[in-house]
Amino acid sequence: MDRIRIRGGNELNGTIPISGAKNATLPLMIASLLTDDTLTLENVPHLADVEGLTRILGNHGVDFSVTGKRLRQEAGLGRTIHFNARNIVDTTAPYELVSKMRASFWVIGPLLARMHQAKVSLPGGCAIGTRPVDIFIDGLRALGAEIDIEAGYAVASAKGGLVGGRYKMPKVSVGATHVLMMAATLAKGETVLENAAREPEIIDLANCLTAMGAKIDGAGTSTIRIDGVAALSGARHRVLPDRIETGTYAMAVAMTGGDVTLTGTHADLLPAAARAISEAGAILTPVENGIRVQRNGGGINAVDVTTDPYPGFPTDLQAQFMALMTKSNGIATITETIFENRFMHVQELARLGAKISLSGQVARVEGVKALKGAPVMATDLRASVSLVIAGLVAEGDTLVNRVYHLDRGFERLEEKLGRCGAEIERISG
Ligand code: EPZ
């Protein structure tokens, strides 16, 4: 299994290109199931999760082709991928595939909408929490679907097709908002989704669906109205920049010091995190096609954050911010409200010398003068990258195990950091 070795202590200086957002790419790929025309996605990041979902869609009969694969990849540019779901050959998403990637459960919406049936394995729990799917099931029932849970599968049908309905989500869910919005595009009549997620990825999906001919109003607010249409067409859509990758590298620079321009992104995508990073002592300046990140010359200030649905502080940046706070000049309180088990990095950061105490969903992080390198590992993507950030300032070598987590969501991580002066290498085997 590959590992990443980091020798801490170097400032970061240079340019980091920000990739297309993983969490926009996945629902956009799934939207290809809604039409028998070709959906072309540009700026698709080269990530293990994208490859995994390509295989899952292939199982349903989706053909795909990649334009200019090698050249674009070598130049560090996102790929353009064409998806065509003219012949859906299978409406079952089996356990073996769904258990590998949670977001593949989301095919249930488009399959029901277009094929009027779907049998999709329940995804089960995962490292960061129990992650139930009750909101998806109730929401699809509100659109007229009949759904039974049988032997670990959601077996769904909508004879004659889905019909528009009104559904208020009991809790803000990004995935359920994606799925219900996609399903409603082909339902008969109007659907109103209340308490919807407002993440930029929801707006990106709505923009793509609109380009495909869907009628959607209010994406990005908590009430989304969708007027169903008889069929959707193909479209060409560019995936928006990854705000989590943006925030992660901004925090890395806040940690190490230096001067880095993050290109192809903008700070409007992460209002709460940008505020917290600035309060911690970094200067974020909008520049043409990106954000310049510098340390303000002083130390790192302790800043309290609480995760919340967008526009709040993202749970997907909580671990990275905690890494930053391990070197603050005070005590920071970090509260996780989205997932009940998203503090798996705490023990690992402690191995590097961090002082963190946990009480339920609240972590108290007392800044220390120095971290010291050690072997570490993490059980999820964002926790893993928090260890990389800590490793960038730890004295000596930090060896991050289970790199496959990083490969799920960070494109060419070691190359991007290495080009800015970090001493970082992948050790194969
Ligand atoms: C998306 O997951 C992201 N994944 C996650 O990114 C992210 O952490 C999360 O949103 C929150 O921002 C993708 O976009 C592919 P939710 P999702 O449904 O949609 C509860 C990463 O590292 N809930 O918004 O699965 C749920 O348990 C990741 O890239 C129910 O109770 O998250 C959680 O507490 C991991 N019932 C809360 O809602 C349901 O039916 C929010 O989850 C659905 C969700």
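What's counted below: heavy atoms across the whole structure, side chains too, no hydrogens, waters or symmetry copies. For ligands, and for the atoms within them, numbers begin at 1 and follow the listed sequence.
Ile135 N, 2.8 Å is the protein heavy atom nearest to atom 40 (O) of ligand 1. The protein heavy-atom contact nearest to atom 19 (O) of ligand 1 is Gly175 N, 2.7 Å. Arg131 NH2, 3.7 Å is the protein heavy atom nearest to atom 17 (P) of ligand 1. Nearest protein heavy-atom contact of atom 4 (N) of ligand 1 is Asn23 ND2, 3.7 Å. Among all protein heavy atoms, the one lying closest to atom 36 (N) of ligand 1 is Asp134 OD1, 2.7 Å. The single protein non-hydrogen atom nearest to atom 18 (O) of ligand 1 is Ser173 OG, 2.7 Å, given as residue, atom name and distance.
Remark: distances from the non-hydrogen atoms of Asp49 to ligand 1 are all 4.0 Å or more. In this structure, His178 has no heavy atom closer than 4.0 Å to ligand 1. Heavy atoms of Arg342 come nearer than 4.0 angstrom to ligand 1 in at least one pair. Ligand 1 has at least one atom lying under 4.0 Å from a heavy atom of Pro132. Contact annotation: Trp106 has at least one heavy atom less than 4.0 Å from an atom of ligand 1.
For the residue pair His405/Thr379, the side-chain donor-acceptor check at 3.5 Å is not satisfied. Residues Gln361 and Glu336 bring no donor and acceptor atom of their side chains to less than 3.5 Å of each other. A donor-acceptor contact closer than 3.5 angstrom is absent between the side chains of Ser222 and Lys168.
Of the heavy atoms in Lys22, only side-chain atoms (C-beta onward) come closer than 4.0 Å to ligand 1. With a 4.0 Å heavy-atom cut-off, ligand 1 is reached by the side chain of Arg382 but not by its N, CA, C or O. Residue-level proximity to ligand 1 for Phe339 is carried by the side chain, the only part with a heavy atom below 4.0 angstrom.
Remark: among candidates Met169, Lys171, Glu199, the nearest residue to atom 20 (C) of ligand 1 is Lys171, based on non-hydrogen atoms. The residue from Thr315, Thr25, Val133, Val174 that puts a heavy atom closest to atom 10 (O) of ligand 1 is Val174. Residue Ile338 holds the heavy atom nearest to atom 33 (C) of ligand 1 of all those in Ile338, Ile128, Leu381.
Considering all non-hydrogen atoms of both residues, Asn59 and Val89 come closest at O-CG2, 4.0 Å.
A ring-centre distance under 6.0 Å is found for Phe321 and Phe313.
Residues meeting the salt bridge (charged side-chain N to carboxylate O under 4.0 Å, His left out) test with Asp204, sequence neighbours left out: none.
Met182 pairs with exactly one of Leu232, Leu33, Leu34 by the side chain to side chain contact (heavy atoms under 4.5 Å, CB included) rule, that one being Leu34. Each of Val253, Leu262, Ile291, Leu270 was compared with Leu284 under the side chain to side chain contact (heavy atoms under 4.5 Å, CB included) criterion, and only Ile291 meets it. Screening Val303, Val305, Asp304 against Thr333 for a side chain to side chain contact (heavy atoms under 4.5 Å, CB included) leaves a single residue, Asp304.
By the 3.5 Å distance cut-off applied to N or O atoms, Asp316 is counted among the residues near ligand 1.
Close contacts between ligand 1 and Phe136 involve ligand atoms 40 (O), 43 (C) [criterion: under 4.0 Å to a heavy atom].
A salt bridge does not link Glu146 with Arg141: none of the charged nitrogens is closer than 4.0 Å to a carboxylate oxygen.
Relative orientation of the Trp106 and His178 rings is tilted, given thresholds of 30° and 60° on the angle between their planes.
Glu411 is not listed as a side-chain neighbour of Pro17, based on a closest heavy-atom distance of 4.5 Å or more.
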